[in-house]
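This report concerns only the one structure given below.
A note on names: the letters A, B, ... follow the listed sequences, proteins ahead of strands, and every chain is numbered from 1. As the structure is a prediction and not an experimental result, all values here were calculated from the model.
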Amino acid sequence: MKDIIKINDLYKTYKNGNIEVKALRGINLTIKEGEFVAIMGQSGSGKSTLMNIIGCLDKPTSGNYELDGKTVVGLSEEMLSYTRNQKIGFVFQAFNLIPRNSALKNVELPMVYAKKPAEYRKERATKLLETVGLGERIDHLPNELSGGQKQRVAIARALANEPPIILADEPTGNLDTAASVEIMELFTKLNKEGRTVIIVTHEDDIAEFTNRIIRFRDGQIIYDGQVDHS
Amino acid sequence: MMLIIESLKLALTSIKMNKLRSFLTMLGMIIGISSVISIVSIGDTMRGVISKEYESFGKNRISIYIYNSDEGYSDVFSFEEIEKIQEAFPDDINYIGPSTGISGEIINKNQKNKCNINGLSPNYQNIQNFKIIYGRNLSENDINAGKKYVLLQNTSSSKLFGTEDGTGKIITVESNGTIEEYLVVGIYENTQSTFQKLFAGNSDTHTLYAPARAFSSEDSAFFNIDLNINDTTDKELFKSRVASLIGRMKNVEPQHVRVYAASDEMSTIDDMMSKLSLAVGAIAAISLIVGGIGIMNIMLVSVTERTREIGIRKALGARTSDILLQFLIESAIISAAGGIIGTILGAGTILLGGLLINIPVVIKPTVILTAVSFSALVGIFFGLYPAKKAASKDPIAALRYE
Ligand SMILES: Nc1ncnc2c1ncn2[C@@H]1O[C@H](COP(=O)(O)OP(=O)(O)OP(=O)(O)O)[C@@H](O)[C@H]1O
Ligand SMILES: [Mg+2]
């Protein structure tokens, strides 16, 4: 399998006035296509910072990052938007659905920015919502859905443009155990279908669903190993 | 293009979600545009009415008299002198005659009715086109011979004789103590505009027309000359040439020969109107700026409220320009909607007003088009800053916004 994410000697330093926060300190990481990875570590250890850089929402202070064989560092704003739209599917802890829009409209959104025609968008969004088990709820507004249902809408939305990578920062952080298990089963299924899935989690039993665990401490990787499912 | 359509839909839903707020935001625009539309349309209507008045008076009509304001001295013209003027400008003058007439009373059975008889000279058809419905016009012969024939208005005929067709009847007129009889040869139809009627009111004075020579003799003198020139004649040149001719003829300074054209008055009115338009423009500009600031204010609030939404959109692949466009279209739509409502309100008021006082109102489509597109432009202009603010938000910070 090819390397879909290749990170070399990556640093991220936040400067707030005189205070410098070294969020990432020399990260080297390679993730192959089709992997299912859990990133763990204490609060403030730099997990979200790394996810944002992988997702092209943030830029590293130094170091190199290659996504799907292309260097991301130095890309224009426009190209970064395009990359986010085409290569990345985001799932957030806070769901981040647009409250005024129905489930269907939310799932259509990445396709709007991909300039897909309206009929295609509607058809695909409906299909995706059916896949995540929300075929009956396509016209509901986010506040008419449970947490688990909202997260499933978010996952459907992440899949809209068929991106090779799904990035989920604490996707089960706001869910109870039953809903968490459902969401993790969904991710497992997506991974089995060939997508690269990277999640951030604090919980070991969530990380157990994945195949590889990366542990962070103070902006550095302190552990990187396969999960034994036997 | 597709994104524009999507942005339009988006803007419409967000306006629908916040109906009251959107309406209040539009209010400045509505008031501004509706007042501009009404004031401009009132101006255009007045202009239309007035220029029609002048057209009916005759845009090539000129009136001449002699008056020396320093010495309070004036002079008169004889038929002979009037003819000389005519002969001096055979190619330019359509009609020339003394401005004359008599006023008196028509004695009809035991009643007396006020009347004005206006005197006509040869070629009078060039300035006064009567619509004769019974009988005939005054002929060249009648005019030259000074026959005591009159043209009577159909409404006057009805009042005097109980029938519209009063041809062949005799009218007895008392004026300055003398009594004369006139034969009605033709009945003309009242073709006054609604505006004329409005201002003429229910005047009981009958207006009749007779040959000028019917009530003046060969040695009569007249203060005013009525004159009509050809369309092709250079009006200003003609005015100075006729003034100097009369100056020589009557031995007065040409500047004391007053040559007055209706078009002069029209250009004064045009001037006044354009000044009025300027004032209206200033009011419009102020109201649009106030409306625009209102829109900017609400858009800023909206951008802050929707910070998180902006972050989400960016994470999902929206470019800076997409966000910019979305908010610009939204403010343009709010503004243009305000403009449209304002236009409907303004035009409606004017149409209703016109209907009530029975004046044909003029609402130019260009005015409406300008108003609506200008309001959209105002929306874009004042939406630019909030939209830029929205578009430049950092996606991570925006996603974290509570
Ligand atoms: N915009 C920022 N400005 C300054 N410091 C920041 C900023 N974002 C993150 N940090 C700092 O960088 C460090 C890493 O933050 P990050 O959000 O990556 O941690 P995390 O591992 O995701 O933590 P958590 O498990 O609580 O989500 C923290 O010390 C944080 O305070
Ligand atoms: Mg985090």
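Atom CG of L10(B) sits about 7.5 Å away from atom CD1 of I98(A), to the nearest 0.5 Å. Between atom CZ of residue F92(A) and atom CG of residue L399(B) there is a gap of 4.5 Å, rounded to the nearest 0.5 Å. Atom NZ of K59(A) is separated from atom CD1 of I396(B) by 10.5 Å, given to the nearest 0.5 angstrom. One distance of note links CG of L109(A) with CD of E309(B); it measures 8.5 Å at 0.5 Å rounding. Distance check: D58(A) CG to D394(B) CG gives 7.0 Å after rounding to the nearest 0.5 Å.
Residues of residues 73-85 of chain A lying within less than 4.5 angstrom of chain B, judged on heavy atoms, are E78(A), S81(A), R84(A), N85(A) in numerical order.
Taking the side chain as every heavy atom from C-beta outward, R157(A) and I312(B) approach each other to under 4.5 Å.
In L356(B), the CG atom is crowded: over 12 heavy atoms of neighbouring residues, nucleotides or ligands sit closer than 6.0 Å. Other residues, nucleotides and ligands contribute only 12 or fewer heavy atoms inside 6.0 Å of the CD atom of E136(A). No more than 12 heavy atoms of other residues, nucleotides or ligands lie within 6.0 Å of CD in E123(A), so this atom counts as exposed by the packing criterion. For F374(B), the CZ atom sits in a loose shell: 12 or fewer heavy atoms of surrounding residues, nucleotides or ligands are nearer than 6.0 Å.
The part of R306(B) that comes within reach of chain A is its side chain, from C-beta onward, which places non-hydrogen atoms under 4.5 angstrom from that chain. Contact annotation for N96(A): both backbone and side-chain heavy atoms come within less than 4.5 Å of a heavy atom of chain B. For R308(B), the part sitting under 4.5 Å from any heavy atom of chain A is the side chain, from C-beta outward, and nothing else. Proximity to chain A is absent for every atom of S321(B), based on heavy atoms less than 4.5 angstrom apart.
When each of A94(A), P110(A), S48(A), C56(A) is scored by its heavy-atom pairs under 4.5 Å with chain B, the top score falls to P110(A).
Each of K116(A), R121(A), K115(A), K105(A) was compared with E6(B) under the salt bridge (Lys or Arg N to Asp or Glu O under 4.0 Å) criterion, and only R121(A) meets it.
Of all heavy-atom pairs spanning P395(B) and L57(A), the tightest one is CB-CD2, 3.7 Å.
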